[in-house]
Chemist: 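Input: one structure, supplied below.
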Protein chains: 2
Amino acid sequence: MKLPVSTEWLLHCAASLAQLEAGATASAAQLAQYFDLPAAYLAKQLQALVKAGVLAATTGPRGGFRLARPASEITLLQIVEAVDGAASPYECREIRQQGRGALPAEECQNPCILAAKMAEAHEAWRNSLATTSLSEIIAALPPSAPSRTRLRLTGTP
Amino acid sequence: MKLPVSTEWLLHCAASLAQLEAGATASAAQLAQYFDLPAAYLAKQLQALVKAGVLAATTGPRGGFRLARPASEITLLQIVEAVDGAASPYECREIRQQGRGALPAEECQNPCILAAKMAEAHEAWRNSLATTSLSEIIAALPPSAPSRTRLRLTGTP
DNA sequence: GGTCCGATACTCGGATATCAGGTGTCCGAGTAGGGGCGG
DNA sequence: CCGCCCCTACTCGGACACCTGATATCCGAGTATCGGACC
């Protein structure tokens with residue numbers, strides 16, 4: 001069970017975009033320089049957040065990415081699931097219905113208990129991530145952080 | 001973030017072994033037939049549970065696998081982490097210290113907030129899995145299940 | 001009949017191919033801005 | 001001096017290689033058992 005490395009990238013990128021002024025944008029190249037990441041691959045992953053409706057992209061000069069919604073309405077879960085997919089890491093293939101020990105269909109009306117427990121754990125994970133929004137992340141940073149981020153990311157204080 | 005398919009196999013195998021009488025064993029071939037799984041690959045994965053101390057293996061005729069401890073002391077978490085590893089799916093590579101926006105080391109005394117939140121979610125997932133033991137899984141099955149399992153798995157009622 | 005011994009068959013354990021998905025890179029379509037020209 | 005137009009450069013978006021790790025398979029080392037021979 002491993003999240004893509006780009007998960008960390010996008011979490012930090014989203015947190016950085018949340019520190020810009022409303023409406024301001026940062027290009028993929030700027031974000032890549034800011035964190036020293038491969039620009040092309042980062043751009044590809046940012047598309048996932050656009051498709052998920054977390055970010056909005058504008059093309060052309062002065063274009064780039066910005067938050068599609070207020071930072072308080074973007075949770076860590078939405079970012080993580082945008083890049084990695086919302087599927088549960090445990091996929092029940094109903095092996096209890098296969099092989100010599102196959103259970104009759106009548107006993108399989110209820111979902112497999114093991115699958116249910118795994119789904120329960122996944123839900124606990126999701127709930128934990130859903131309780132934190134980007135605005136809370138920003139609030140935990142030093143007060144000087146947003147200004148510094150704007151300067152070093154876009155060059156406009 | 002995807003768990004190996006063998007995770008489901010091992011959970012069901014462990015649950016089946018927990019239904020045998022104390023000291024009884026089932027071979028990898030028997031378990032593979034019971035669930036219609038590739039025997040060789042299943043044997044390889046069962047080794048992981050042996051190394052983790054969840055199962056005990058005995059070679060030779062009448063040999064096979066059995067629980068290394070009482071079912072009440074084996075949690076789902078131990079099984080899942082035995083096959084997939086105990087590492088967190090999110091790996092913080094401290095990109096906040098790299099690139100143009102690199103933070104000074106003095107601000108990085110505290111762990112990255114995003115990494116902390118991800119670790120918190122992972123801990124919630126682990127706690128959820130740690131609260132369920134194999135004996136609780138068995139208890140949730142129909143009373144006739146253990147007898148049936150013993151018969152179809154090892155042939156000895 | 002009891003006991004010892006050897007062959008046997010069955011078990012796990014690790015080393016070896018194969019394939020999918022994340023990682024990395026590239027080029028093309030589209031657009032907003034800036035400069036030049038004309039009125 | 002003002003407005004319009006064209007060009008440029010910059011942006012995202014999707015299509016194409018590469019490489020690590022999960023998947024699948026095989027063969028070898030070790031051992032408890034079963035049968036036979038001997039005492």
Side-chain angles (χ1 to χ4, degrees), chain A residues 1-10 13 17 23-33 35-66 68 80 82-85 87 89-91 93 95 153-155, chain B residues 1-10 13 17 23-33 35-66 68 80 82-85 87 89-91 93 95 153-155:
Chain A
M1 189 174 53
K2 202 182 59 167
L3 283 168
V5 178
S6 48
T7 307
E8 180 182 9
W9 305 356
L10 295 181
C13 284
L17 290 175
T25 63
S27 70
Q30 286 174 327
L31 288 166
Q33 275 197 0
F35 291 115
D36 190 24
L37 301 175
Y41 186 38
L42 177 63
K44 176 177 171 53
Q45 303 296 47
L46 284 166
Q47 291 177 29
L49 270 81
V50 174
K51 285 191 178 176
V54 174
L55 298 186
T58 58
T59 67
R62 298 295 185 103
F65 296 93
R66 60 177 174 81
V80 171
V83 60
D84 189 58
Y90 180 85
E91 181 188 359
R93 301 195 179 180
I95 66 172
L153 180 55
T154 65
Chain B
M1 189 173 52
K2 200 182 61 167
L3 283 168
V5 178
S6 47
T7 306
E8 180 183 9
W9 305 355
L10 295 181
C13 284
L17 290 176
T25 62
S27 70
Q30 286 174 328
L31 288 165
Q33 276 198 0
F35 290 116
D36 190 24
L37 301 175
Y41 186 39
L42 176 64
K44 176 176 172 53
Q45 302 296 42
L46 284 167
Q47 291 178 28
L49 270 80
V50 173
K51 285 189 179 178
V54 175
L55 298 187
T58 58
T59 66
R62 297 297 186 99
F65 296 91
R66 60 180 173 80
V80 171
V83 59
D84 190 58
Y90 180 86
E91 182 186 359
R93 301 196 180 180
I95 66 172
L153 180 55
T154 65

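Note on naming: letters A, B, ... go to the chains in the order of the sequence lines (proteins, then strands), and numbering restarts at 1 for each one.
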Chemist: Would you indicate which nucleotide in C:dC26, C:dC12, D:dT23 comes nearest to any side-chain atom of B:V5?
Modeler: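 Closest nucleotide to the B:V5 side chain: D:dT23.
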
Chemist: A:L31 CG to D:dC12 P: how many Å, rounded?
Modeler: 9 Å

Chemist: Contact class for A:A57 (heavy atom, under 4.0 Å): base, sugar-phosphate, or nothing?
Modeler: sugar-phosphate

Chemist: Using whole Å, report how far CZ of B:F65 lies from P of C:dT11.
Modeler: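 Result: 11 Å.
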
Chemist: Within the structure provided, determine whether B:L55 and B:C13 are in side-chain contact (heavy-atom separation under 4.5 Å).
Modeler: no

Chemist: Would you say the side chain of A:L46 lies within less than 4.5 Å of the side chain of A:L31, judging by non-hydrogen atoms?
Modeler: yes

Chemist: Using whole Å, what does the distance between atom P of nucleotide D:dG21 and atom CG of B:D84 come to?
Modeler: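 My rounded result for the distance is 13 Å.
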
Chemist: What is the distance from CH2 of B:W9 to P of D:dA22, rounded to the nearest Å?
Modeler: 14 Å

Chemist: Measure from the side-chain heavy atoms of A:K44 and tell me the nearest of D:dA15, D:dT25, C:dA9.
Modeler: D:dA15

Chemist: B:A57: what forms a side chain to side chain contact (heavy atoms under 4.5 Å, CB included) with it, not counting sequence neighbours?
Modeler: B:V50, B:F65

Chemist: Check whether any side-chain heavy atom of B:V80 sits under 4.5 Å from a side-chain heavy atom of B:L10, and report yes or no.
Modeler: no

Chemist: Would one find a side-chain N or O of B:T58 under 4.0 angstrom from OP1 or OP2 of C:dT11?
Modeler: no

Chemist: What is the separation between atom NZ on A:K2 and atom C1' on D:dC19, rounded to the nearest whole Å?
Modeler: 11 Å

Chemist: Kindly point out which of D:dT31, C:dG22, C:dA15 is positioned nearest to the side chain of B:T59?
Modeler: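 The listed nucleotide nearest to B:T59's side chain is D:dT31.
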
Chemist: Which part of the nucleic acid, if any, lies within contact of B:A43, taking any heavy atom under 4.0 Å across all strands shown: a base, the sugar-phosphate backbone alone, or nothing?
Modeler: nothing

Chemist: Tell me, with the steps shown, if A:I95 and B:D36 meet side chain to side chain contact (heavy atoms under 4.5 Å, CB included).
Modeler: CA-CA 8 Å; A:I95 66 172; B:D36 190 24; over 6 Å; no

Chemist: Could you work out which one of C:dG24, D:dG13, D:dA22 sits closest to the side chain of B:P4?
Modeler: D:dA22

Chemist: What nucleotide among C:dG13, D:dA32, D:dA9 has an atom nearest to a side-chain atom of B:V50?
Modeler: C:dG13

Chemist: Once you round it to whole Å, what is the distance between C1' of C:dC12 and CG of B:L46?
Modeler: 10 Å

Chemist: Toward the 5' end of DNA chain D, which comes first, A:G63 or A:Q47, by nearest nucleotide?
Modeler: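 Nearest-nucleotide comparison on DNA chain D picks A:G63.
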
Chemist: How many Å lie between CG on B:L42 and P on D:dT25, as a whole number?
Modeler: 12 Å

Chemist: If you check every side-chain atom of A:P61, which of C:dA32, C:dT23, D:dA24 has the closest atom?
Modeler: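 Nearest nucleotide to the side chain: C:dA32.
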
Chemist: Out of D:dA22, D:dC26, C:dG24, which has the shortest distance to the side chain of A:Y41?
Modeler: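 Out of D:dA22, D:dC26, C:dG24, the nucleotide with an atom closest to A:Y41's side chain is C:dG24.
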
Chemist: Please state how far atom CD in A:Q45 lies from atom C1' in D:dG14, giving the value in whole angstrom units.
Modeler: 13 Å

Chemist: Could you check whether B:A29 gets within reach of a base, just the sugar-phosphate, or nothing at all, counting any heavy atom under 4.0 Å?
Modeler: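 The answer is nothing, as B:A29 stays clear of every strand by at least 4.0 Å.
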
